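What you see is a predicted model, and the numbers here were worked out from it, not measured in a lab. Because only heavy atoms are used, hydrogens play no part in the values below, and waters and symmetry mates are left out as well, while side chains stay in.
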Amino acid sequence: MTTEPFDISSWPPSLTPIQLEALTLYATTYALSHGLLYLLPGPQPAIPSAAIHAPFSLFPSPFPRKLFETGKRIQRTYNVLYARIAMDEEFLDRVMGTKTGVGKVDDFIGQLWTGWKQLRDEGLAQHLHLGLFRSDYLLHALSNQPLSIKQVEFNTISVSFACLSQRISELHRYLLSSTQYYNCSPQLKPENLPPNRTISGLAEGLAVGHKAYNVQGSRILFVVQPGERNVFDQRWLEYELLEQHSILIIRQTFEELAHSAIVDPHTYILRVSCSTDIHPSGSIEISTVYYRAGYMPNEYPTPAHYATRFLLERSKAIKCPTIALQLAGGKKVQEVLAQPGVLERFLRDEKRYGKDGIFSEHEVNELRSTFMAMWGLDVGEDLLTADYDSISSGKEGFGLLKARNDAHALVLKPQREGGGNNVYKEAIPAFLNSLPPQERQAWIAMELIIPPEGTGNYLIRAGTIQAESQAAVKADVVSELGIFGYALFGGESREVKEKEVGWLVRTKGKDSDEGGVATGFSVLDSLLLVDS
Ligand code: ADP
Ligand code: MG
């Protein structure tokens, strides 16, 4: 054992071709046996009969132990921060609404906000919100400075890969215990592979919502996308809810819910109708609506789809997330949080949150230290107040000029989730030329995080043809850490019931700007904690 700081760029250790092939066979067989799976690409039959393993890395990826601890620690603060944002209607109206906010120029955000506003005006039947969160980070490596973690984004809807993350951690641990990875690295030992209990953590979050609703016989509704390939990640959560909490779930798409969901006009109870062959009463009361769908505009092709979303929102079932919490997860909110004083408004204001509800300056600064520079394309020179006059006159504001000048070191992001929406570096100037001035407000500019160079791994992707053999491909990679948390809040008390509940690593080829396992850019990975 060496006490020298570990050099991340020395990864992965070398293997002989025979060792590599043996590990690949152990790994893929374990993945197939333990449900580290995806459905096959292409149209999904109603009852699937085949699956392939999800893409994964052969080795866990090295990550500084201290920075992993930091990410877990600040998750508690993030849980409370986003809960408070979701409860701050005035703030969300201003930043995301259709009068002054992003909703003015972004139709999707505008539709969600307008529906939410209408429901608020009618009076909400359920004041509790449930959030399952994932805060994503990359390592940031500036020359002559210690490594740090920087936040990519904070997700408040449909956070995925919690369950498959646990399975890939278990896979790496299995490779270690079955082969010791052929003693190729002294770093590879059990105490450097942190435990991953993310499945039970997320299931606990949903169970906390279900128990707060507190009606015998009610179930959790999983709202899912048609043609979803990542179903096993969702099924593991379903099995955990049943086995550990005796909670049943029901899965439906928006299309199905358009016909099956009924909200009682007096009690606001949400019921999903079903055949009496399945359930004797012909309908099931829903305690909690858990969205694994509904975060992209193309999921709402008609007004009827929005109507279904608002119907569920109107009910007294607990929503994970509420529209408010979904809006809080917008990239515009992330950018506004980086403006001076905004974190203090949510975390240090004793008048609002009481003596016991405020965080120390150190806690706030530790959280802020994970921010990259961000600004709105529509901001004026002081970088604080949106310069609406210059937007409407089409004049170029400071935010836009700065984005042009610094393009090589930036990414531009719209208010979208799910990957593939951002504009990077060289593509920025031409993109800005084509962006109608009134749409600038929907975009933020963010400084690029600079991950450490030279780290590699072996990536294993399943072939889709049966006869095809699998090979591990060595690549230079970048790893993105996600930390999960849940929060239940709202209603009478100011209290936020929250917890940090696990982690995920996704690793992508270095030359890909985007991450995203589902979109094919990256693979599932786990952590090798190192002292660096
Ligand atoms: P999405 O909501 O589509 O997941 P993200 O903000 O997570 O959008 O961006 C997608 C991917 O782009 C990230 O997973 C990361 O790989 C890359 N990325 C995003 N922001 C940055 C940044 N500031 N620096 C470097 N890479 C980034
Ligand atoms: Mg992301």
Side-chain angles (χ1 to χ4, degrees), residues 86 89 92-93 96-99 101-131 156-158 209 213 218-228 234 249-275 279 282-330 414-418 442 490:
E89 296 178 351
L92 281 178
D93 289 350
M96 300 300 269
T98 55
K99 294 197 181 70
V102 171
K104 199 167 70 164
V105 297
D106 182 314
D107 180 60
F108 176 54
I109 300 295
Q111 295 268 6
L112 288 178
W113 182 84
T114 304
W116 175 49
K117 176 79 172 81
Q118 202 173 336
L119 292 171
R120 273 154 58 193
D121 291 345
E122 288 170 21
L124 295 171
Q126 177 58 266
H127 291 279
L128 288 173
H129 311 234
L130 177 65
T156 59
I157 183 164
S158 193
Y213 187 83
S218 62
R219 295 191 189 187
I220 297 178
L221 169 66
F222 281 29
V223 184
V224 297
Q225 293 178 339
E228 172 70 79
Q234 304 171 353
I249 73 129
I250 171 169
R251 294 169 64 87
Q252 298 251 306
T253 61
F254 271 121
E255 269 81 15
E256 289 166 329
L257 288 164
H259 305 288
S260 64
I262 307 148
V263 173
D264 184 293
H266 305 294
T267 62
Y268 293 96
I269 289 173
L270 170 62
R271 286 199 174 82
V272 173
S273 58
C274 61
S275 161
H279 200 273
S283 77
I284 293 165
E285 180 169 350
I286 301 302
S287 64
T288 307
V289 183
Y290 172 46
Y291 288 99
R292 290 296 291 254
Y295 52 88
M296 295 186 296
N298 65 10
E299 295 180 81
Y300 301 85
T302 70
H305 288 77
Y306 282 109
T308 303
R309 175 75 194 266
F310 300 143
L311 179 74
L312 303 180
E313 194 78 14
R314 173 174 284 119
S315 78
K316 77 169 203 183
I318 293 171
K319 270 73 66 180
C320 177
T322 53
I323 293 176
L325 197 44
Q326 179 173 359
L327 292 174
Q415 307 305 305
R416 292 288 175 272
E417 303 298 327

For Ser260, all residues meeting side chain to side chain donor-acceptor pair (under 3.5 Å), sequence neighbours excluded: Gln252
Residue pair His305, Thr302: steps toward the side chain to side chain donor-acceptor pair (under 3.5 Å) verdict: CA-CA 5 Å; His305 288 77; Thr302 70; 2.7 Å; yes
Closest contact, heavy atoms only, Leu130 versus Gly209: CD2-CA, 4.1 Å
Contacts of Thr253 that satisfy side chain to side chain contact (heavy atoms under 4.5 Å, CB included) - sequence neighbours left out: Val224, Pro226, Glu255, Glu256
Heavy-atom closest pair, residues Ser287 and Ile220: OG-CG1, 3.8 Å
Leu312 to Ala261 - nearest heavy-atom pair and separation: CD2-CB, 4.1 Å
Salt bridge (Lys or Arg N to Asp or Glu O under 4.0 Å): pairs with one or both residues in residues 287-300, sequence neighbours excluded: Asp233-Arg292
Heavy-atom check, side chain of Leu112 versus side chain of Gln326, under 4.5 Å: yes
Close aromatic pair by centroid cut-off 6.0 Å: Tyr300 and Phe254: yes
Geometric class of the Phe108/Tyr306 ring pair [parallel <30°, tilted 30-60°, perpendicular >60°]: tilted
Of all pairs that satisfy salt bridge (Lys or Arg N to Asp or Glu O under 4.0 Å), the ones with a partner from residues 120-130, not counting sequence neighbours: Glu89-Arg120, Asp93-Arg120, Lys117-Asp121, Glu122-Arg314
Face-on cation placement of Arg416 at Tyr295 ring, 6.0 Å and 45° thresholds: no
Verdict with reasoning, Val263 to Ile269, per side chain to side chain contact (heavy atoms under 4.5 Å, CB included): CA-CA 6 Å; Val263 173; Ile269 289 173; over 6 Å; no
Side chain to side chain donor-acceptor pair (under 3.5 Å) partners for Gln415, two or more places apart: none
Least distance between heavy atoms, Ile286 atom then Ala317 atom: O-CB, 3.5 Å
Side chain to side chain, Leu270 and Ile262, heavy atoms closer than 4.5 Å: no
Heavy-atom closest contact (Tyr213 atom, Lys316 atom, distance): CE1-O, 3.4 Å
Side chain to side chain contact (heavy atoms under 4.5 Å, CB included) against Val105, all qualifying residues, sequence neighbours excluded: Gln441, Ala442
